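Structure first, then comments.
As the structure is a prediction and not an experimental result, all values here were calculated from the model.
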Amino acid sequence: MKRIYFSYFSAIFFLSLFVSGCNQSTSSEKSGESGGKKLTVGVTMLSMQNEFIVNVSDEIEKKANELGVELITVDAERSALKQIEQVESFIAQKVDVIIMNPCEVEASSPAVTKALAAKIPIVNVNSETTAKPTAFIGSDDVESGRIAMKFIAEKLGGKGNVVMMHGYMGQAAQIKREQGAREVLKQYPNLKLLAHQTGEWDRAKGMALMENWIQSYGADINAVFAQNDEMGMGAVKALTDAGLKSKVIVVSIDAIPDALQAVQKGTLDATVFQNAEQQGAKSIETAVKIAKGEAFDKETLIPFQLVTKDNLAKFMK
């Protein structure tokens, strides 16, 4: 009887410690926790082979760690179909919010529709879809195309031949950067678009495309507008190898470290800064606000900035 009596009070003692411990953990909830439960955010990115996209993803992870949010990050590998399947998986896992960096405007739209139908908020980052998400964080890609082509027009005195490298066809950035560039071209009747083709945001493909254009047009090319730095760096390499870089202006978009170094060396004439840090951080901050039922901005647009040798110092880390 004595032994049973001791065990009973021991159990009561340890039970009280357990309850106390639970109360302590509840009172120390992080900002990313809701109702004692850690928030889980599913993230699907366009392509982790693209440096700018990796930078955005890194910033999402960094800010998520600060906010105490659990992330499930996956790579869509440029496939809208795969991205839809990833969002379906997030829905099945009952994540609190989804962040999507869309592969395509139209083809990735069903992912948005499916998430909203499942009553899971979805935030688009960096790129858009036809289907409207809960919130959008990014930049006005039309503006970036205008900035890049305006620089070329001014450098060429409004006269010359330009080639344009498209990103992944059908993606919002590709569509809008082309739109912005063509708006400026219309203002300069003596500025001719000699050729345009996709390099799929890829450095090696951009280099191969530039090599083909050099064979086809040679010294007739006066400027290259690459819709991102990866393709721009490929174009610079091809032109340098052909001994033509000093005669051709090259402008691209994103201001990744390689591009900034190339501007410093003078091999890349300009790049257009797109703020990966703010896009990544604001997307996860918005996701947390939505999950916690707080007020949030449905659209956050972060301005682009032209980067040349004159203002390069403020963009170098």
Side-chain angles (χ1 to χ4, degrees), residues 39-48 50 52-53 56-57 60 64 69 71-145 166-180 198 200-201 227-228 274 276 278-302:
L39 292 177
T40 302
V41 178
V43 182
T44 169
M45 304 300 290
L46 162 72
S47 171
M48 298 303 270
N50 180 295
F52 181 82
I53 299 303
V56 174
S57 180
I60 290 173
V69 173
L71 288 186
I72 305 170
T73 303
V74 291
D75 183 357
E77 298 177 340
R78 297 183 179 177
S79 167
L81 182 60
K82 187 169 188 174
Q83 191 159 60
I84 292 167
E85 290 171 351
Q86 289 169 343
V87 167
E88 287 173 338
S89 175
F90 291 151
I91 293 167
Q93 293 174 71
K94 293 182 168 52
V95 299
D96 296 291
V97 189
I98 295 167
I99 294 176
M100 181 169 73
N101 170 218
C103 292
E104 294 183 46
V105 174
E106 295 291 346
S108 292
S109 282
V112 173
T113 308
K114 286 173 182 286
L116 296 178
K119 301 194 184 317
I120 296 177
I122 183 164
V123 177
N124 282 359
V125 62
N126 179 254
S127 191
E128 298 170 69
T129 51
T130 304
K132 293 297 178 189
T134 312
F136 171 72
I137 314 293
S139 299
D140 180 4
D141 281 300
V142 177
E143 178 194 12
S144 67
H166 292 279
Y168 191 63
M169 301 303 286
Q171 199 197 11
Q174 175 270 317
I175 294 167
K176 293 196 167 188
R177 289 174 189 181
E178 178 183 11
Q179 180 187 332
T198 183
E200 296 184 356
W201 305 123
Q227 290 182 1
N228 82 337
Q274 182 176 198
Q278 284 195 33
Q279 287 189 15
K282 286 185 180 295
S283 65
I284 192 70
E285 286 172 349
T286 301
V288 169
K289 284 179 181 178
I290 294 168
K292 295 172 77 175
E294 297 175 358
F296 66 94
D297 293 325
K298 290 196 171 184
E299 183 177 74
T300 302
L301 293 178
I302 300 152

remark   = Rounding to 0.5 Å, atoms CD (Glu200) and CD (Gln171) come to a distance of 11.5 Å

message = Please report the interatomic distance CD(Gln86) to CG(Leu81), rounded to the nearest 0.5 Å.
response = 10.0 Å

query = Between Cys103 and Leu46, is any pair of side-chain heavy atoms under 4.5 Å apart?
reply = yes

request  = For the pair Glu106 (side chain) and Thr130 (backbone), establish whether a donor and an acceptor sit closer than 3.5 Å, ignoring hydrogens and angles.
outcome  = no

request  = Determine the minimum heavy-atom distance between Ala276 and Phe52, stating which atoms define it.
outcome  = CB-CE1, 3.5 Å

query = Are Met48 and Ser57 close enough that some pair of their side-chain heavy atoms sits under 4.5 Å apart?
reply = yes

query = Sub-3.5 Å donor-acceptor pair from the side chain of Asn50 to the main-chain atoms of Ile53, do we have one?
reply = yes

ask   = What's the spacing between Asn126 CG and Ile99 CD1 if we round to 0.5 Å?
value = 12.5 Å

query = Going from CE on Met169 to CH2 on Trp201, what distance comes out if it is rounded to the nearest 0.5 angstrom?
reply = 10.0 Å

message = Name the residue from Lys176, Arg177, His166 that meets the side-chain hydrogen bond (donor to acceptor under 3.5 Å, both in side chains) definition with Gln227.
response = His166

message = Could you work out, with salt bridge (charged side-chain N to carboxylate O under 4.0 Å, His left out) as the rule, every residue matching Glu77, not counting sequence neighbours?
response = Lys82

message = Taking Gly280's backbone N and O only, do any of them form a donor-acceptor pair with Ser283's side chain (distance below 3.5 Å, no angle check)?
response = yes

inquiry  = Given 3.5 Å as the limit, does a donor-acceptor pair link the side chain of Glu178 with the main chain of Gln174, or not?
reply    = no

request  = Applying side-chain hydrogen bond (donor to acceptor under 3.5 Å, both in side chains), run through Gln279 and Gln274 and close with a yes or a no.
outcome  = CA-CA 9 Å; Gln279 287 189 15; Gln274 182 176 198; 3.0 Å; yes

message = Please give me the minimum heavy-atom distance between Ala115 and Val87, naming the atom from each residue.
response = CB-CG1, 4.3 Å

key: For Lys289 against Ala295, the heavy-atom pair lying closest together   = CD-O, 3.5 Å

query = Closest approach of Ile91 and Ile120, non-hydrogen atoms and distance?
reply = CA-CD1, 3.8 Å

message = Contact between Glu143 and Leu301 at the side-chain level, heavy atoms closer than 4.5 Å - yes or no?
response = no

Heavy-atom pair with the smallest gap, counting every atom of Asp75 and Ser47 = OD1-CA, 3.4 Å

ask   = Which value, rounded to the nearest 0.5 Å, describes the distance between Glu104 atom CD and Ile175 atom CD1?
value = 8.5 Å

message = Test side-chain contact (heavy atoms from CB on, under 4.5 Å) on Val97 and Leu39; report intermediate values, then the result.
response = CA-CA 8 Å; Val97 189; Leu39 292 177; over 6 Å; no

message = Using modelled atom types and a 3.5 Å cut-off, is there a donor and acceptor pairing between side-chain atoms of Arg78 and backbone atoms of Tyr168?
response = no

key: Any donor-acceptor N/O pair, Thr129 side chain to Val105 backbone, under 3.5 Å   = no

inquiry  = Consider side chain to side chain contact (heavy atoms under 4.5 Å, CB included). Of Val69, Ile137, Val123, which one does Ile284 pass it with?
reply    = Val69

remark   = When rounded to the nearest 0.5 Å, the distance separating CZ of Phe136 from OG1 of Thr286 is 11.5 Å

message = Given 3.5 Å as the limit, does a donor-acceptor pair link the side chain of Asp96 with the main chain of Thr40, or not?
response = yes

query = Ser109 side chain to Ala131 main-chain N or O, any donor-acceptor pair under 3.5 Å?
reply = yes

inquiry  = Set out, in order, the CA-CA distance, both residues' side-chain angles and the distance that settles side-chain contact (heavy atoms from CB on, under 4.5 Å) for Leu116 and Thr134, then state yes or no.
reply    = CA-CA 8 Å; Leu116 296 178; Thr134 312; 3.5 Å; yes

query = Will you find, in the side chains of Ser89 and Gln93, an N or O donor that is under 3.5 Å from an N or O acceptor?
reply = yes

Under 3.5 Å: donor-acceptor pair, side chain of Gln83, backbone of Ala76 = no

key: Considering all heavy atoms, the nearest Ala111-Ile122 contact   = O-CD1, 4.2 Å

ask   = Side chain of Ser127, backbone of Asn101: donor and acceptor closer than 3.5 Å?
value = no

